[in-house]
Amino acid sequence: MSSNTEPITLLNAEGIYSANKALPLDVDAVDATALYRDMVMARRVDTEAIALQRQGELGLWPSLLGQEAAQVGAAHALKPRDVVFPTYREHGVAWCRGVNPVDLLGLFRGTTLGGWDPAANNFNLYTLVIGAQTLHGIGYAMGIVRDGDVGTGDPARDRAVLVFLGDGALSEGETNEAFVWAAAQNLPVVFFCQNNQWAISAPYSVQSKVSVAQRAQGFGFAGVRVDGNDAFACLAATEEALAAARAGKGPTLIEALTYRRNPHTTSDDDGRYRSGAENDAWAALDPIDRLRTYLTSNGQLEEAILEQISGQEKSLAEQLRSGCRALPNPGPASPFQNTYAELPWELEQQMNEHLEFVEAGE
Amino acid sequence: MSATSTRMPLAHALNLGLRHAMEADDKVMLLGEDIGQLGGVFRVTDGLQKSFGDHRVVDSPLGEAGIAGSAIGLAMAGYRPVCEIQFDGFVFPAMNQIITQLAKFHHRSEGTISVPVVIRIPVGGGIGAIEHHSESPEAYFAHTAGLKVVSPSTPQEAYDMMGLAIRSDDPVIFLEPKRSYWLKGDVDSGNSPEELQKATVVRDGQDLTLVAYGALMPVALKAAEVCQSEGRNIEVIDLRSLSPIDDKTLIESVERTGRMVVAHEASRTAGLGAEVAARVQDAAFHSLLSPVIRVTGYDTPYPPSRLEEDWLPGLDRILDGIDRSFTY
């Protein structure tokens, strides 16, 4: 596997596929239309959410624009029993995992600190503290090992953990602790780093002198560097790494080299730290355009499919708009009720005091 | 003393509590630095790896955030991890995981997931240790919603509270008074322990309520004995649960005695004593004959151990605090 080399591309910027021995992919078995559809839908979630933020319906939104191939490619490598630990930008992964896209908005609207049941789709809650989720993934992977759900050879049983992180998280001590644990305990975990090159305003050069993938070597496991705007390469690398993890062969760090084309969040002004020319160069490498060119030139994207996707997009947009506004405000008792599994009597007293106060004000 | 009762030091009682919890539930597992072959630097986990194997008693890499963070993931995967942090002053690298993650998961998930993690920390001074080995970080944890914070003072309490903490669906910070590890007492493993959030009146009295916890309990009881010989009848309460605080028991007591002294090793400012004093004056202002007096460590870093005997609230300082209460 490559580490500090050029990232592996299977589907180039012109939409032409070429096999690469370093990263095998059974391209005939890939449902490229499904990949395309999910990337389009992920982008639509993002576009609608940004619009909702502009309309004052959301307090904040971290955009994924440009990272659709990395997220959807990686997500398509998952099996239902695999477990995902995301950051706060994995809207495309959430979409592929079957999380209701309206539920993604609650955290950013301020109706919830979570938004979905992490166990329902094996997709954990977003993590705002950079790198913290890497260690949760480690613990979960330890649980998988102790459950005997790794290396059995039974595809219905073996499972793995897919941890998402950004390039900034590589600088956090906790991420490095996670790498130490994963290696030392040979855990069934894949770290998928979307190197979008910017940790808010700090470029990757502030974080590291070597590539993300190369850093894995120091911890004692494989690092692979792929073109993060190439859904095929992201899918192939994640499939291979997850298969190794499920088989008991330990962790992998995948670096998907991509670019965050929007500001860090809707509150950020990226004009203060980077050039429009850089952004234009990456826009020319758009992951969705690339896959569409491939599909079109292979005759796989007929007009009927495009129309169908377009219809699904429209109904998704409508679902997000009306769903966002309909998200229920949390009840005044909810913080008290959910702080502990067993409500302490004193907190119950504080809750009652508060409810009385709230009711008196109504 | 029942048939199941045996005399043992507090550290052994903790070990027995862990052993019985692991026997009762195969999802209970231990992780921490040096807890396996070595049995922990205080031997609290002695022999457990031999009995339960290295998949249930895990010698972790040296990383406190990793211990706390991986415990969260294990809890999400259905396990009940009990972590050991080697010393109080070394819990701080794990604070991010404990405060921003562990304490909040139940809340963030709107109750859909629980993270039943116990974090054991040997705490406090009085053993002649060097820097970072004698601290009392309880107020940091007690200030964080979502955590339970407890500290036992006797071997029986240690055994009972360990079982209760592990069975709790909430994260529990379990503070072990390290200078009491060798304190001996009877442990009845067939005991039906009280709930975790319960203070205990360990000595009845009418003249003043003395509140303490952990390593200061034997000192508080000694102070009450000394006062008895001087004709003052002191009621002594073991707080046990530092968060949530069982203020019902405190208030009931002070309504009878009219006076309260609260003692702890931790620094005074924003410490547990301040919380106890505030609650008591809020609920029982008219019963108080004097202000609630705090006898605490000072607002300095924990001193070099050659000074700790003077620095720590000992018998004389507690007696002085009691005397001050009676000057009103």
Side-chain angles (χ1 to χ4, degrees), chain A residues 83 85 106-107 112-120 124-129 131-147 149 161 163 172-181 183-185 187 189 330 334-347 349, chain B residues 26-27 29 31 55-56 58 60-79 81 93-94 96-97 99-117 145-148 168-171 195-197 241 243-248 279:
Chain A
V83 179
F85 287 82
L107 177 66
T112 175
L113 303 176
W116 55 91
D117 177 357
N124 280 282
L125 298 178
Y126 279 175
T127 310
L128 297 183
V129 178
Q133 79 283 2
T134 59
L135 286 167
H136 309 159
I138 290 305
Y140 203 99
M142 287 173 72
I144 287 175
V145 171
R146 278 148 188 80
D147 290 344
D149 290 350
V161 168
V163 176
E172 287 281 0
E174 292 182 32
T175 303
N176 287 273
E177 282 189 46
F179 290 171
V180 168
W181 285 53
Q185 305 193 5
L187 294 173
V189 57
S334 67
F336 301 91
Q337 286 161 339
N338 294 325
T339 297
Y340 292 90
E342 299 145 17
L343 178 66
W345 70 265
E346 196 224 329
L347 197 56
Q349 200 180 345
Chain B
D26 62 10
K27 292 292 184 185
M29 56 177 289
L31 62 159
H55 262 226
R56 292 189 67 193
V58 181
S60 72
L62 202 161
E64 288 77 14
I67 294 169
S70 62
I72 294 169
L74 276 161
M76 288 172 171
Y79 287 80
N96 175 44
Q97 285 290 335
I99 291 177
T100 73
Q101 307 294 308
L102 179 63
K104 302 219 165 52
F105 258 109
H106 187 72
H107 189 251
R108 294 178 59 218
S109 68
E110 287 153 24
T112 56
I113 57 168
S114 297
V115 278
V117 173
L147 300 176
K148 289 178 175 170
S168 167
D169 284 331
D170 288 307
E195 58 174 316
L196 208 48
Q197 188 200 339
S241 174
S243 180
I245 288 180
D246 171 15
D247 46 15
K248 273 184 189 160
R279 287 172 186 237

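Residue numbering restarts at 1 for every chain, and letters A, B, ... go by the order of the sequence lines. Keep in mind the model is a prediction, meaning the values are calculated, not measured. Basis for what follows: all heavy atoms, side chains included, without hydrogens, waters or symmetry-related copies.
Only the side chain of B:P244 comes within contact range of chain A, judged by heavy atoms closer than 4.5 Å. For chain B, the nearby part of A:N124 is the side chain; its heavy atoms alone come within less than 4.5 Å. Contacts between A:P335 and chain B at a heavy-atom distance below 4.5 Å involve backbone atoms as well as side-chain atoms. Only the side chain of B:L31 has a heavy atom closer than 4.5 Å to any heavy atom of chain A. Within the 4.5 angstrom heavy-atom criterion, only side-chain atoms of B:Q197, from C-beta onward, approach chain A. If you measure heavy-atom distances from B:S241 to chain A, you find no contacts under 4.5 Å at all. At a 4.5 Å heavy-atom cutoff, A:A119 makes no contact with chain B through either its backbone or its side chain. A:Q185 touches chain B through its side chain: at least one heavy atom from C-beta onward sits under 4.5 Å away, while N, CA, C and O do not.
One finds the CH2 atom of A:W116 at 11.0 Å from the OG1 atom of B:T112 (value rounded to the nearest 0.5 Å). Atom-to-atom distance recorded for B:Q97:CD and A:E177:CD is 8.5 Å, nearest 0.5 angstrom. Taking CZ of B:R108 as the start and CG of A:N338 as the end, the distance is 13.0 Å to the nearest 0.5 Å.
With hydrogens and angles ignored, the 3.5 Å screen pairs a side-chain donor or acceptor of B:D170 with a backbone N or O of A:E342. Side-chain atoms of A:Y340 come within 3.5 Å of backbone atoms of B:G146 as a donor-acceptor pair (strictly under, hydrogens ignored).
Taking both residues in full, the closest heavy atoms of A:M142 and B:S70 are given as SD-CB, 4.1 Å, listed atom of the first, atom of the second, then distance.
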